[in-house]
Asks: 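Submitted below is the structure of interest, expressed as C-alpha cells.
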Amino acid sequence: MNKVTTICGWFVIILCLVVWAGWQFDIPILRTLLPSAPATTPLTMIILLLLSLALLVSHKIVTEPAAGQWIWVCWALAGIAVLTGVWIGLEYIFRFNSNLEFILYPELISQQGGTFPGRPSPHTTVSTILVGLSIATSPLSGQFYKQLTLFLSLTGLSIAWLALFGYASLTNPFYAVPGNPETGMSPLTALGIVGLVIGVMGLRPNEGFLRLLTDSSSGGQMVRILLPVAIVAPLIFGWIIFYGGVDEVLSSAMIFALSWGGTSLLFMALVIWQGFILHYRDMEREKAAEESRRLFHQLQQAEEKFRTILEAAPDAIVIVDEEGRIVLVNAQTEVLFGYKRDELINQPVEHLIPERFQDRHPQHRHQFSAAPRVRPMGAGLELSGLRQDGAEFPVEVSLSPFETAEGRLTTAIIRDVTENRRVADQIKRYNAQLKQQAEALEQSNLELQQFAYVASHDLQAPLRNINGFMQLLQHHYRGKLDEQADDWINRAVNSTRQLETVIHDILAYSRVDAQTRPFEPIPLNEIFDELTTMLAPIIQETRARITRDNLPTVIGDRSQLTQVLQNLIGNSLKYHGNLPPQIHVSAKNGDDNWLIAVHDNGIGIEPQQHQRIFEIFRRLHSQQEYPGSGIGLAVCRRVVQRHGGKIWVESELGRGSTFYFTISQIPQ
Ligand code: ADP
C-alpha cells in the first residue's frame, strides 16, 4: 500500500517530463492532452516537479525513522513551489507582471493566447499552494498536522477535480476564468494535482481517508461503493450529454433535469441498497453483541465460582508465571505466610522459601517447566515455607501446570503440615520406645528361661540324691524308729517325688524354646502308636479305650509334638470320672493347617476356666485329688505357638472335654 506514494510521485515526474517534451519539441498535444484545452505552462511544470520531489522526500521521512533531517529538503522543495504560487497570486491580485512566466521558452509562450500567457491559471495557483502546504506538513506526525494535511490536500484536490469534471462536461467555469478559456487549469495539471494528493494520502495508508477506504467497517464499505459512483457517474453523464451530442437535441433545461434526475435515481438506488446492507449488518452486530454480553456474563459467573473455590480452599494456592513471578494468591496464603496479597503479587515466588533453598529454586522451576506435569514437589524431601516474620514451617506442595493466552502458569497448592509432622514424629518416638521395651522384655524373658532351665537342671542332681537317701532311710529304718518318724519319712519321700515332677516339668517347659530341633515330617499315626505303647500300664489300670482316626503327617519338632500329644492324652487318662476313660484323637484338613482334636469323656472343665488352664502352674484340683504340676498345658501352648498354631478347649463340667490345636501346613 505504501507503494502508492512512490508510484504517484513518479507519475507526476513523468507527467512533467511529457509537458517538458511538449514545450521543448513544440508538440502542443503533449502540453494539453485535449486539443481545445489550455496548456500546462512551463512554470506550472516546474512547480509540479518540485512538489513531486518534495512528496518523494516526505515518503522517505515517513517510512525511514532515521531520515528525520530530510525534512528540510522537503520543506525547501515544497516552499519554493508554494512561494512561487503565492507570487503569482499576488500578480493576479495586484495586477502586475513580473515576467516570471517567461522563465522558459519565452518565444513559444508569447505565441500563446489568453490574457496572461505563460502564467498558471488562478485555479492552478490556489490548488498548488494548498497541495504544496499539505506536502510540507505531511511528514509531521502530530494528530493536528495529519488533519491539516488531509484538509489542505482534499481542498486542493477538489479544485483539480472540478476542473476535470469541467472538461468532462465542457463546463468552462470549473477549469477556467469565465470568458477566458485559455487561462484555465490544463487537464494535465489537474491530473498532476490528483496524483500528488493521492500520493499524500498514500503516505499513511493505515490512517485517515485511505484507512477508511480499505477498512472492513460499514463506513469503509459505504465509501468504497458510493465514492466511485459519485466520481464516475457525473463524468459519464457529462460525457454522454456533451460529447454524445445530446445537447444539440434537448434544451439545456431538459438536460439539467435529466442529469439531476438520473443522478438522483442512481443515488437513491445505491443509498437504499447500502441502507439494507448496513441495516442487516447492524442487526447481526446487535446479535453478536448480545451473544458476547451473554458470554461475558457466563465468564463473570465462572470467574466468581473460581474465586469462591479459590478463597474457600483450606490450602494456600499460589499461581506463578513462567518467570517465577506470583500472579495470584488466595486468602489462605495470606494466613499461612503472613503477607498481604499486594505484597506478594508480581514478586518472585522465592519470597516464600527459606533463604538456604532460594539459590537452587529457580533451577528446580526450570526443570519443572521443561517437563511440566501434575506432581508433588520435592518428592521424598522435607519442604519448608518462610513466613513474613522469618519463621519456617514444614509444607507439602503439589504443582500443576496450565496453559493460558499469556503463557504457561503453574498452580502450587501448599499445605501446612506442622501438625502432621508433629504427630508423625511422636509416633516415631513411641515406636522406638515400644521397640526398646519389646527388646528389653525379650531379653529378660530369655534370661528368665535361661534361669529356669539352669535352675531346674542344676536342682535335679541334688534332689535325686535327697530322694535316694530318703528312700534308703525309708527302706532301712521302717518300723525301727517310732511311728511318728515313719510318717515323717514317708511324707518327706512323697514331697521330694512331687518336687522332682515339678522340676522335671519346669525343665520341659523351658526346653521348648531353649532346646529345639529342626522341623521334619512327622507321621502323627506313628507318634500316637508309640504313645499308646508307652502308656499301656495306665491304660490297663484305668481300663481306658483309646482310638484314633487316620492322622496326617505334619511338619514340626518330633519330640515337642510327642510331648503335646502325651500331655493331652495323659490328662484325659488322669481326669476321668467314675467311668473308664474313652479317648479319641481325630484330625481335620483346614485351609492351610491341620486341626487335631483330643476328645475324652472325663470330668470336664467349667467354661470360665477354659483360658486359664493354659497358664503355667494353673491347676483346678489339689494334689490329693489329682496330682500334677500345672505345667503340662502351658508346655502344649508354647509348642503349638512355636509351630504357628493355636490351642483351645471346648468342655462342660461333667461332660468330657475336647482339646483342639492347629498346626500350620506351611513350614514355619
Ligand atoms: P496338671 O495336669 O499337671 O495339673 P495341666 O497344665 O496339664 O497341669 O492341666 C491344668 C489343669 O487343667 C489341670 O489341673 C486340670 O484341672 C485341667 N485339665 C487338664 N486336662 C483336663 C481334662 N482332660 N479334663 C478335665 N480337666 C483337665
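Every number for a ligand or one of its atoms is a count from 1 in the order of the listing. All residue numbers refer to positions in the sequence shown, counting from 1.
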Asks: Select one of side chain, backbone, both or neither to describe which atoms of F614 lie under 4.0 Å from any atom of ligand 1, heavy atoms only.
Replies: neither
Asks: Which of the numbered atoms in ligand 1 are under 4.0 angstrom from any heavy atom belonging to L620?
Replies: 14 (O), 16 (O)
Asks: Among all protein non-hydrogen atoms, which one is nearest to atom 2 (O) of ligand 1, and what is the separation to 0.1 Å?
Replies: Y575 OH, 2.7 Å
Asks: At the 4.0 Å heavy-atom cut-off, does G630 count as touching ligand 1?
Replies: yes
Asks: With rounding to the nearest 0.5 Å, note down the distance linking NE2 in H599 to NE2 in H584.
Replies: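 Between atom NE2 of H599 and atom NE2 of H584 there are 9.0 Å.
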Asks: Quiz question: by atom type and distance under 3.5 Å, do the side chains of Q560 and R642 form a donor-acceptor pair?
Replies: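 The answer is yes; a qualifying pair exists.
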Asks: Which option wins on minimum heavy-atom distance to atom 9 (O) of ligand 1: L653, L633, N601?
Replies: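 The residue whose heavy atom sits nearest atom 9 (O) of ligand 1 is L633.
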Asks: What protein heavy atom sits nearest atom 12 (O) of ligand 1, and how far away is it?
Replies: I613 CG2, 3.4 Å
Asks: Heavy-atom contacts under 4.0 Å between D600 and ligand 1: side chain, backbone, both, or neither?
Replies: side chain
Asks: With heavy atoms of G628 as the reference, note each atom of ligand 1 found under 4.0 Å away.
Replies: 3 (O)
Asks: Parallel, tilted or perpendicular: which describes the rings of Y626 and Y575, with under 30° parallel and over 60° perpendicular?
Replies: tilted
Asks: Show me which atoms of ligand 1 lie under 4.0 Å from any heavy atom of K574.
Replies: 1 (P), 2 (O), 3 (O)
Asks: Testing the 3.5 Å rule here: is there a donor-acceptor pair between the side chains of Q443 and E447?
Replies: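 The criterion, which ignores hydrogens and geometry beyond distance, is satisfied for E447 and Q443.
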Asks: Say you draw a straight line from CD1 of I616 to CG of D505; how long is it, rounded to the nearest 0.5 Å?
Replies: 9.0 Å
Asks: Closest non-hydrogen protein atom to atom 16 (O) of ligand 1, residue and atom name please, with distance?
Replies: H621 CD2, 3.0 Å
Asks: Taking the minimum heavy-atom distance to atom 7 (O) of ligand 1, which of V598, L568, N571 ranks first?
Replies: N571
Asks: Closest non-hydrogen protein atom to atom 26 (N) of ligand 1, residue and atom name please, with distance?
Replies: I605 CG1, 3.4 Å
Asks: Can you find a side-chain donor-acceptor pair between N330 and T333 that sits under 3.5 Å?
Replies: yes
Asks: Run the side chain to side chain donor-acceptor pair (under 3.5 Å) test on D315 and Q332 for me, step by step, so that the C-alpha distance in whole Å, both residues' side-chain angles and the decisive distance to 0.1 Å come before the verdict.
Replies: CA-CA 6 Å; D315 295 331; Q332 188 60 20; over 6 Å; no
Asks: Do the charged groups of K287 and E291 touch, with an N to O distance under 4.0 Å?
Replies: no
Asks: Using a distance-only test with no angle check, is there a side-chain donor-acceptor pair under 3.5 angstrom linking N589 and Q665?
Replies: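 Yes, Q665 and N589 have a side-chain donor paired with an acceptor closer than 3.5 Å.
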Asks: Among H599, E606, R618, R619, whose heavy atom sits nearest atom 10 (C) of ligand 1?
Replies: R618
Asks: When you look for heavy atoms under 4.0 Å from ligand 1, do you find them on the side chain of I603, its backbone, both, or neither?
Replies: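 Answer for I603: side chain.
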